[in-house]
Amino acid sequence: MAEISDFYAALVESTDDAIVAKDVNGTVLSWNPAAVRLFGYSEAEMVGQSIVQLLPDDRLDEEVNILTRIRAGERVGQFFTKRRHKSGRLIDVSVTVSPVHDKDGNVVGASKIARDATQVLERERRLRQSEARFHMLADNIAPFAWIAEPSGNIIWYNKRWYDYTGTTLEDMRGWGWTKVHHPDHVDRVREHIKSCFESGEEWEDTFPLRSKEGEYRWFLSRAKPIREEHGNIIWWFGTNTDITEQREQAEQIRLLLMEVNHRSKNMLSTIQALIRRSVKDNDGFIARFQDRIRSLAVNQDILVRREWREVPVEELARLQLAFVMDAPGEITISGSEFPLNPRAAEIIGMALHELATNSLKYGALSAGGGQVSIGWEVDEEGGLFSMHWTESGGPQVTAPEQTGFGSTLIAEVPRRFFGGEAGIDYASSGISWSLKAPLAMIRAGLSQSAATN
């Protein structure tokens, strides 16, 4: 028995943990060498003294609470706190306190184990700081960001994702992200990313995602596998970057280039028609001819001059039709003030120019007595914008046997971009063109649905 006691005594003396015995009033009964190293007080200085000597002034209630729990026979599990070193400086410690019972089971004191917690708390501080920096970065970068398990089960999104989609992690867990994908694209996207998850290849795709307001915007999305040292995938890290504006700008540039190419082909025909009408009256021929040529340049400059901001419908129509305003036929323009967004102005402007060019060559504007009526209406309740071009009094109309790029500008492009209705009717009395489109796709300042792209 003495050997066991000697063993425990040696254990207390040699351990790196400060082991302190105290009675139920907090008076120190024993003080091992590790306590000397940790707190700076010798055994002689502490035995018989109150343990309160180690407590900072703002933590005196802490010892009262500990002793109360010990007297009740309760163990005080590990907690982090501060104690005062003999030098007066404060040190971080982790403390565990257990009641000591006599042979009859009565609590007669407490055994306290204390460790220097400086490095532990510093690691925790750095970890919290690192985590805070990560969240600050992840939640404030422009793209959405997410992390998935090797199987593709997404377990984390940044704040940007939730702000845009209005969802929660519970909504999105696993493959819940498919709920915010456009139905026309979701199957393709799911199969593509699934194949990448299975093969381990980096993933890239573009598709529309629905916002909490119901708007669809286009995103360039990428995911990269994160591998451990042996090459096994442990995570996937992905981003979704909004490219709606870039996508629209690229489409605008493409259409403008196509339009320039198309106009260059019919420019000679237009000039020839202008010359034939001008030479009938030689007075002021050069001045009138130059004015008409300049009116064509205005059509190209309208959106540039407006700096791609809102364009009033009436201004757009008058500028686009300036080159035919003194044609033999009569043009009337009517409609309330209404601001077009830049994309709508571009598409409607191209359609009006094409209609005017055709009318000047073949329709109501090619002969005296012809009439062209242009008008538009706004149905706020129904959320619809309507526009028409109607010709009468000109040569008899016959439908063309073939359609070219001009028909694309008049009908197909508006239908595709606006998601509404656009078409031309070749009635024998005169052609008519009509457009019906959602206000959200037409009016300046409203969100545009990318899903129709």
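Treat the numbers as computed from the prediction; the structure is a model and nothing was measured.
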I'd like to know if the side chain of [X] pairs up with that of [Y] as donor and acceptor (distance under 3.5 Å, no hydrogens or angles considered).
X    : Y    : result
W389 : E391 : yes
S221 : N240 : yes
S211 : R217 : no
T27  : N25  : no
T168 : D171 : yes

Where [X] and [Y] come nearest, the two heavy atoms and their spacing:
X    : Y    : answer
R75  : R69  : O-NH2, 3.6 Å
I331 : M325 : CD1-SD, 4.0 Å
T15  : R37  : O-NH2, 3.5 Å
S42  : E45  : N-OE1, 2.7 Å
E74  : P99  : O-CD, 3.7 Å
V64  : T68  : O-OG1, 2.8 Å

Salt bridge (Lys or Arg N to Asp or Glu O under 4.0 Å) partners for [X], two or more places apart:
X    : answer
R210 : none
D116 : none
R71  : none
D92  : K82

(request) Inspect the surroundings of CZ in R190 and state if more than 12 heavy atoms from other residues, nucleotides or ligands are less than 6.0 Å away. (result) yes
(request) Could you list the residues that satisfy side-chain contact (heavy atoms from CB on, under 4.5 Å) with Q53, not counting sequence neighbours? (result) Y41, M46, Q49
(request) Taking side-chain contact (heavy atoms from CB on, under 4.5 Å) as the test, write out the residues that go with K224, two or more places apart. (result)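 So K224 forms a side-chain contact (heavy atoms from CB on, under 4.5 Å) with E202.
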Would a line drawn from the ring center of [X] to the ring center of [Y] be shorter than 6.0 Å?
X    : Y    : result
H181 : W175 : no
F197 : W236 : yes
F39  : H85  : no

(request) Can you measure from CD1 (I347) to CG (L352) and round to the nearest 0.5 angstrom? (result) 12.0 Å
(request) Side-chain contact test, heavy atoms from C-beta onward, threshold under 4.5 Å: evaluate it for D205 versus I193 and give yes or no. (result) no
(message) When you compare the side chain of T241 with that of W218, does any pair of heavy atoms fall below 4.5 Å?
(response) no
Salt bridge between [X] and [Y], side-chain N to carboxylate O under 4.0 Å?
X    : Y    : answer
R83  : E62  : yes
R318 : E314 : yes
R125 : E122 : yes

(message) Just to verify, which of V372, L321, I431 counts as forming a side-chain contact (heavy atoms from CB on, under 4.5 Å) with S359?
(response)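 Exactly one candidate clears the test, V372.
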(request) Using the ring-ring contact (aromatic ring centres under 6.0 Å, His included) rule, pick out the option among F207, F144, W146 that qualifies with F219. (result) F144
